[in-house]
Amino acid sequence: MQPGADVNQRIARISAHLNPPNLQMESSFGLRQVNCRAKGGSPGFKVAILGAAGGIGQPLALLMKMNPLVSVLHLYDVVNTPGVTADVSHMDTGAVVRGFLGQQQLEDALTGMDLVIIPAGVPRKPGMTRDDLFNINAGIVKTLCEGIAKCCPKAIVNLISNPVNSTVPIAAEVFKKAGTYDPKRLLGVTMLDVVRANTFVAEVLGLDPREVDVPVVGGHAGVTILPLLSQVKPSCSFTPKEIDYLTDRIQNGGTEVVEAKSGAGSATLSMAYAAVKFADACLRGLRGDAAVVQCAFVASQVTELPFFASKVHLGRNGVEEIFSLGPLNEYERAGLEKAKKELAGSIEKGVSFIKK
Ligand SMILES: NC(=O)C1=CN([C@@H]2O[C@H](COP(=O)(O)OP(=O)(O)OC[C@H]3O[C@@H](n4cnc5c(N)ncnc54)[C@H](O)[C@@H]3O)[C@@H](O)[C@H]2O)C=CC1
Ligand SMILES: O=C([O-])CC(=O)C(=O)O
């Protein structure tokens, strides 16, 4: 090679980098359009996050952009999506990111999606219950689900907005009204309860949380969150004091974070982690992976209630199978009765919000 040829090649490479011939800023804000030869991105699923600029939405967008199963990521919110989209879109991962701002762009955000994740809505402040969020969040979930029914009725829906025990029944009623309801495709996200249970149980047992699996059934608020400590894997036993401590901490994990944040919101980072763990399971199910099992709040015949959280098998159509609760001890049977009583009211409240 001629002396200097190497340097010239390097200059050419740097110049190509500074003036890329086929750069496209993927966003609906028209930030910058440069001649573009290819769309870029990898084969995979199309995912929308509704509420993407929020406390959960932003880290969730970040983590979904890193998920190799995602080829297209739509970020929708009523505020701030241009900034979040521009930011996340610079990550050199496969998914193409597009942003959508305001209700007039909701339909574009949803069209063609395989999975829609909804963390839109207001969070708790200290002293509030999740049910105190109903009046604001019920209407938000209704509007978003009307959009889903119209634009991507076959999408799997992961509903995070609280109170989950009521927002899932609201979504079901909206889809029924639109004639698109498929109970296999609507899942309330209770994964954070499992994530917390795994963490707290691992602490007590002195294990790595990644080795621990705690089924958490029922719903997603206070006593409706029912950890089945008799079914923990690896198999183990707890003293009555440990059971009281763990049950209380798992049921009140959300409140622990709300109080620690003292007015600045509720769990966002651990929730984004849990949401991605759950969304990834849904996508692996859609891909046809075998034996994908997670807990979720779904339409169910496991109890006499129309919705209940338990372990479900996720497959190509969403929820392929719902597992029964298995053998419960006396403590858990008493907990189940309390959980069902509160759940019944929360479900009814959601249903009548749409039927009224
Ligand atoms: N299922 C679960 O385990 C958990 C649920 N949550 C719930 O998730 C929800 C969101 O929490 P954060 O992200 O902390 O709240 P946040 O207030 O930080 O973010 C919510 C986002 O929703 C957006 N939003 C409001 N109305 C909207 C609409 N009509 N369409 C689209 N986006 C809209 C807001 O602009 C905001 O960016 C809350 O209801 C919270 O209680 C929070 C933690 C755990
Ligand atoms: O506690 C809240 O309001 C948010 C939530 O659902 C949780 O962290 O489990």
Side-chain angles (χ1 to χ4, degrees), residues 42-50 60 64 67-74 95 107 109-119 141 144-161 164-165 167-191 194 215-217 219-220 274-303 305-326 347 350-351 354:
S42 48
F45 294 104
K46 298 186 170 85
V47 178
I49 300 176
L50 312 183
L60 177 57
M64 289 309 284
N67 188 311
L69 295 178
V70 180
S71 60
V72 172
L73 183 60
H74 282 189
E107 294 190 5
L110 290 170
T111 300
M113 293 298 107
D114 300 302
L115 172 68
V116 180
I117 313 175
I118 312 183
V141 168
L144 297 176
C145 288
E146 284 165 352
I148 293 169
K150 186 168 175 202
C151 302
C152 54
K154 298 265 178 226
I156 305 285
V157 177
N158 288 181
L159 194 38
I160 294 170
S161 317
V164 168
N165 294 352
T167 53
V168 170
I170 288 172
E173 290 304 317
V174 170
F175 295 150
K176 277 184 207 167
K177 243 186 174 171
T180 64
Y181 183 46
D182 178 354
K184 292 178 165 183
R185 293 173 188 271
L186 172 61
L187 301 100
V189 180
T190 58
M191 189 78 217
V194 174
V216 183
V217 302
H220 179 67
V276 165
K277 204 171 173 182
F278 189 70
D280 183 69
C282 290
L283 294 179
R284 281 185 288 115
L286 281 182
R287 185 173 64 175
D289 287 15
V292 182
V293 175
Q294 291 295 354
C295 290
F297 185 67
V298 295
S300 166
Q301 295 180 343
V302 158
T303 70
L305 297 172
F307 295 91
F308 201 80
S310 64
K311 281 200 169 180
V312 302
H313 172 215
L314 298 164
R316 288 192 193 276
N317 299 303
V319 178
E320 303 280 6
E321 188 184 356
I322 301 177
F323 296 103
S324 64
L325 301 184
I347 293 169
V351 171
I354 301 298

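FYI, side chains are in, hydrogens and waters are out, and symmetry mates aren't considered; it's all heavy atoms of this structure.
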Exercise. Just wondering, do L159 and L187 contact through their side chains at under 4.5 Å, heavy atoms?
Worked result: no
Expected list for residues 169-176: side-chain donor-acceptor pairs under 3.5 angstrom, two or more places apart:
{"residue": "E173", "atom": "OE2", "partner": "K176", "partner atom": "NZ", "Å": "3.0"}

Exercise. Distance-only, no hydrogens or angles: does the N165 side chain make a donor-acceptor pair with backbone N or O of H220 under 3.5 Å?
Worked result: yes
Exercise. Yes or no on side chain to side chain contact (heavy atoms under 4.5 Å, CB included) for V168 and L186, after CA distance, side-chain angles and deciding distance?
Worked result: CA-CA 8 Å; V168 170; L186 172 61; 4.0 Å; yes
Seminar exercise, completed: Result for side chain to side chain contact (heavy atoms under 4.5 Å, CB included) between K311 and one of L325, I322, V293 points to V293
Exercise. Could you give the distance from CD1 (I156) to CZ (R316), rounded to the nearest 0.5 Å?
Worked result: 12.5 Å
Problem set entry | Where A309 and G219 come nearest, the two heavy atoms and their spacing | CB-N, 4.3 Å
Problem set entry | Closest contact, heavy atoms only, I160 versus A275 | CD1-CB, 3.7 Å
Problem set entry | Sub-4.5 Å side-chain heavy-atom contact between I118 and V157 | yes
Exercise. If only atom types and distance count, is the side chain of D114 paired as donor or acceptor with the main-chain N or O of K46 below 3.5 Å?
Worked result: yes
For this session: Hey, could you give me the CG/CZ distance between L115 and R185, rounded to the nearest 0.5 Å?
Result: 11.0 Å
Seminar exercise, completed: Closest non-hydrogen contact found for F307 with I347 is O-CD1, 3.6 Å
For this session: Applying side chain to side chain contact (heavy atoms under 4.5 Å, CB included), run through F297 and V164 and close with a yes or a no.
Result: CA-CA 8 Å; F297 185 67; V164 168; 4.0 Å; yes
For this session: Show your working on side chain to side chain contact (heavy atoms under 4.5 Å, CB included) between V302 and F323 and close with a plain yes or no.
Result: CA-CA 8 Å; V302 158; F323 296 103; over 6 Å; no
For this session: Check for a donor-acceptor pair, side chain of T167 on one end and backbone N or O of S161 on the other, with a separation under 3.5 Å.
Result: yes
Output a table of donor-acceptor pairs, distance under 3.5 Å, between side-chain atoms of residues 279-287 and any protein atom two or more places apart or on a different chain; print 'none' if there are none.
{"residue": "D280", "atom": "OD1", "partner": "N67", "partner atom": "ND2", "Å": "3.0"}
{"residue": "D280", "atom": "OD2", "partner": "R284", "partner atom": "NE", "Å": "2.9"}
{"residue": "R287", "atom": "NE", "partner": "D289", "partner atom": "OD1", "Å": "3.0"}
{"residue": "R287", "atom": "NH2", "partner": "D289", "partner atom": "OD1", "Å": "3.3"}
{"residue": "R287", "atom": "NH2", "partner": "D289", "partner atom": "OD2", "Å": "2.7"}

For this session: Go through the steps for I117 and V47 under the test side chain to side chain contact (heavy atoms under 4.5 Å, CB included), then give the verdict.
Result: CA-CA 8 Å; I117 313 175; V47 178; 4.0 Å; yes
Exercise. How long is the gap from CD1 on I148 to OG1 on T111, to the nearest 0.5 Å?
Worked result: 11.5 Å
Exercise. To the nearest 0.5 Å, how far apart are CG in N317 and NZ in K154?
Worked result: 9.0 Å
Problem set entry | Atom of I49, atom of L60 and distance for their closest heavy-atom approach | CD1-CG, 3.7 Å
Seminar exercise, completed: Taking every heavy atom of V116 against every heavy atom of A155, the minimum-distance pair comes out as CG2-CB, 4.0 Å
Exercise. Considering all heavy atoms of both residues, which atom of C295 and which atom of F278 are nearest to each other, and what is their separation?
Worked result: O-CE1, 3.6 Å
Exercise. Under 3.5 Å, is there a donor-acceptor pair between the side chain of H74 and the main chain of A109?
Worked result: yes
Problem set entry | Heavy-atom side-chain contact between V298 and F308 under 4.5 Å | no
For this session: Answer whether the closest heavy-atom distance between the side chains of M64 and V276 falls below 4.5 Å.
Result: yes
Exercise. Going from CE on M191 to NZ on K277, what distance comes out if it is rounded to the nearest 0.5 angstrom?
Worked result: 4.5 Å
Exercise. Are any non-hydrogen side-chain atoms of I354 and K177 less than 4.5 angstrom apart?
Worked result: yes
